[in-house]
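Just so you know, these numbers come straight off a predicted model, no measurement behind them. Numbers restart at 1 for each chain; the letters A, B, ... are given by sequence-line order, proteins then strands.
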Amino acid sequence: MSQLDFENSLNDQQLIAVNCNEGNKLVLAGAGSGKTRVLTYRIAKLIQDFNVRPSDVLALTFTNKASREMKDRIESILKISSQGLWFGTFHGICRRILKIHWREAELSERFTILDSQDQLRLIKRILKGNNYDEKLYDPKSIQSFINRKKDNGHRSDNISDKDDEVYVAIFKEYENILKQTMSVDFADLILKTYELFLSHNQILNYYIKRFKHIMVDEFQDTNLLQFKLLKLLNNDTGSLYAVGDDDQSIYGWRGALSKNIRSFTDQFTDVEIFKLEQNYRSTNKILKVANSLISHNKNRLGKELWTASERGETVKIFEAYNNDEESSFIVDKIKMLERDGYKKSEIAILYRNNFLSRRLEEELNGRGIPYIIYGGFRFFERSEIKDMIAYLRVIVNPDDDSAFERTINNPPRGIGQKTIDIIRKFAKADNRSLWKTIKSFQNQNNDEISSRVKTSLTNYISLIEIISNEINDLSLDEILVKIYKESKLKSYYSEQKGEEAISKQENIEELFITAENFIKNNYDSENIIDDFLDNAALEAGDYQSKLDNDPVQLMTIHSAKGLEFPVVFLTGLEEGIFPNENRKSGEDFLEEERRLCYVAITRAMKSLYITFANARYLHGSYNYLMPSRFISEIPDELLESVKSDNYQHVKSKNVIPMRKKDDHKHGFKIGQRVKHQKFGSGVVLSYEGEDDNLKLYINFEDYGSKWLVLTYAHLEFL
DNA sequence: TTGTAGCCTTTTTTT
DNA sequence: AAGGCTACAA
């Protein structure tokens, strides 16, 4: 075994954190301080010098990308195999455990994983089935209610009496259906594993013994249940090695508790804490920008990153007229950076939400620059792919109602809403799945179902059964090809004209290739179909415009966490978009947005461009927007304002000039203070429409942000 | 009853 | 821009 040179690969602080004895450790590590480096070298240290077997180690992350990244790094520094070492996301690892102990977990061997889309559909169906008004009971808030409960370890029979009765009733029915249809949702993967451990001591003990060393990256992202799970596995005898940074906590909306970092010392025994405050990633100037921004947050454990690296270039800020100008500026710069010797894959474009990528994609496409999008319009979320996957799901598990409903009349085969409602009614009455219900129609007369529909149902049943029977003789990709043909989806799409149908067909062809690759990469899989399905639910699949080995990297800030790039473009810095104001804007929420911005800034190693646009197409219409408050929270002297004309770099004191076009014929400006009879005083954030239809978006001090029609609002301009 | 064209609403972030 | 919903034709 070749000896690793720990001394020369790590600085003093890092070395202490890597060389420590076994036991519970907490590494508080700032952005770019070599967090993942420490984690990977620690694993190497355990295996090399502490004689720990790889199979004694469990390495947990939050995103699939982070997990792959860690695995790659470990395998490149460890010259020995990491075989037996479990890498994965919390969800992925729990799925693996549940697949092994499905019987004890009271699951079916081939349970289905519902993604959030499936979950939402199911909730809508329950609402409809009970005649609840969707306006009164918003499906999305019910979805987050259920998820929040489960993330905190509660099921519907274990709920506080403060909760809305209807919500609880829907939660109950929801759980019932999951059970009936042998499905689990994302939260279930964790919760079922937790419950399995609580109810089966011998299983828990096995894993306590097995995972003597548990490593957790991004510890600030753990939720209550994940924390409890770690505590169970730790059992006061194991060693948990957690790495985290409260300033990078950006999953509060998903139930993550950054205070888990603080609870760590109380809840685990003899915790030793290490701090890594030296940043190796970014230049001094980038770091200063990051530090000045995050200092506006009150709720921090407190730490100041420093760096010994060069001062570097000043962070650039670009004010675009609209999103067209923003994207063409970025592509201009990319071409320039390429001439300067940067590889395209060293350049990342980051944005707050996925739809902001669209205009950027167009521009990149139009000007022949290859790119890859991580997440975003996910491959496995495309409707035609979901359709194909749904067929595969029905074949594996016909009781999977969500997949059944997706496939029963797709392509149209004469089974409409009415029929489906009838099937549902019987299914609910008999407490069984939709599939079992239509099977029972075959051998009994039912006057609610016409003979024509009955034939259609029988055809559907035999379609599924015929493919099921051949499942053992065919490979995964052959099964998919067969589904495509036999389901008539193939002829359905090819009869349609238009670009959309063509692109759908192409995507399905792509799915066949994905399946082939999946077989190659998982040759040791015991059940390739199940693994493929779970992979489709748990892993989104990245989308690449065309195959190229040097693409520009596009992703949301959330998925950029943990990564670094020599050049970063941080786009869409406008009020309403970033900070995003879709949810109620409490102080906590704003701080999380600010941390998100901090994460974005600290991804950059050498140069950082921040861009914002005065106007942008949003939801189909043209909107005027204010620059993000985050820009004004960064001291002017740390930013250099650049013009789209490449050669004219103008240093400006006033980074956010008042724009001429804000002066509107109605006599108000964006940023103008106004007074309303009922809502009191506020500030104009943006406007839309003209003349009598002119609507103002006003942020009232006491009532929050509202759209008001100018003609009716009787506003007083102050 | 089903299929579909066109209207209406609605968009955070990930597993 | 895309999905859901409604109204209407077949």
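For the pair A:Glu574 CD and B:dT12 C1', the computed distance is 15 Å after rounding to whole Å. Separating the CG atom of A:Asp151 from the C1' atom of B:dT15 is a distance of 10 Å, rounded to the nearest angstrom. Rounded to an integer number of Å, the gap from CG of A:Leu356 to P of B:dT11 is 15 Å. Atom pair A:Arg358:CZ and B:dT11:P shows a separation of 14 Å (rounding to whole Å applied). The distance between atom CG of A:Leu120 and atom C1' of B:dT10, rounded to the nearest whole Å, is 13 Å. Going from atom CG of A:Leu225 over to atom P of B:dT15 covers 18 Å, rounded to whole Å. Look at CZ on A:Arg352: it is 9 Å from P on B:dT12, rounded to the nearest Å. Distance A:Gln117 CD to B:dT15 P: 15 Å, rounded to the nearest Å.
OP1 and OP2 of B:dT11 both lie 4.0 Å or more from every side-chain N or O belonging to A:Asn580. Distances shown here put every side-chain N or O of A:Asn409 at or beyond 4.0 Å from the OP1 or OP2 atom of B:dT2. The side chain of A:Thr419 contributes an N or O atom lying less than 4.0 Å from OP1 or OP2 of B:dT2. A sub-4.0 Å separation between OP1 or OP2 of B:dT14 and a side-chain N or O of A:Asn354 is present. In this model, the phosphate group of C:dA2 is not approached by any side-chain N or O of A:Ser383 to a distance below 4.0 Å at OP1 or OP2.
Nearest nucleotide to the A:His91 side chain, out of B:dT2, B:dT15, B:dT14: B:dT15. For A:Lys124, counting side-chain heavy atoms from C-beta on, the closest listed nucleotide (B:dT15, C:dG4, B:dT4) is C:dG4. Checking B:dT13, B:dT15, B:dT2 against the side-chain heavy atoms of A:Trp253 singles out B:dT13 as nearest. Counting only heavy atoms from C-beta on, A:Arg254 has its side chain closest to B:dT15 among B:dT2, B:dT12, B:dT15. With B:dT15, B:dT2, B:dG3 as the candidates, the nucleotide lying closest to the side chain of A:Asn64 is B:dT15. With B:dT11, B:dT15, B:dT14 as the choices, the nucleotide that has an atom nearest any side-chain atom of A:Lys140 turns out to be B:dT11.
At a cut-off of 3.5 angstrom, the base of B:dT15 holds at least one donor-acceptor pair with the side chain of A:Ser116.
Annotation: of the two residues near DNA chain B, A:Leu596 and A:Arg413, the 5′-most nearest-nucleotide partner is A:Arg413. Nearest-nucleotide positions on DNA chain B place A:Ile420 closer to the 5' end than the other of A:Ile420 and A:Glu593.
The backbone N or O of A:Gly572 lies less than 3.5 Å from a partner atom in the side chain of A:Glu326, making a donor-acceptor pair.
For the salt bridge (charged side-chain N to carboxylate O under 4.0 Å, His left out) condition, the pairs that include at least one residue of residues 242-259 of chain A, sequence neighbours left out, are A:Asp245-A:Lys303, A:Asp246-A:Lys303, A:Asp247-A:Arg300, A:Asp247-A:Lys303.
A donor-acceptor pair shorter than 3.5 Å cannot be found between the side chains of A:Asn260 and A:Gln226.
Centroid-to-centroid, the aromatic rings of A:Phe62 and A:Tyr251 stay 6.0 Å apart or farther. Note: A:Phe145 and A:Tyr137 fail the aromatic proximity criterion, with ring centroids not under 6.0 Å apart.
Both geometric conditions, a ring-centre gap below 5.5 Å and a plane tilt below 30°, are not fulfilled together for A:Tyr251 over the base of B:dT14.
By the ring pair (Phe, Tyr, Trp, His ring centres under 6.0 Å) test, A:Phe219 pairs with A:Phe264, sequence neighbours left out.
Residue-level contact check: A:Phe90 touches neither bases nor backbone, having no heavy atom under 4.0 Å from any strand.
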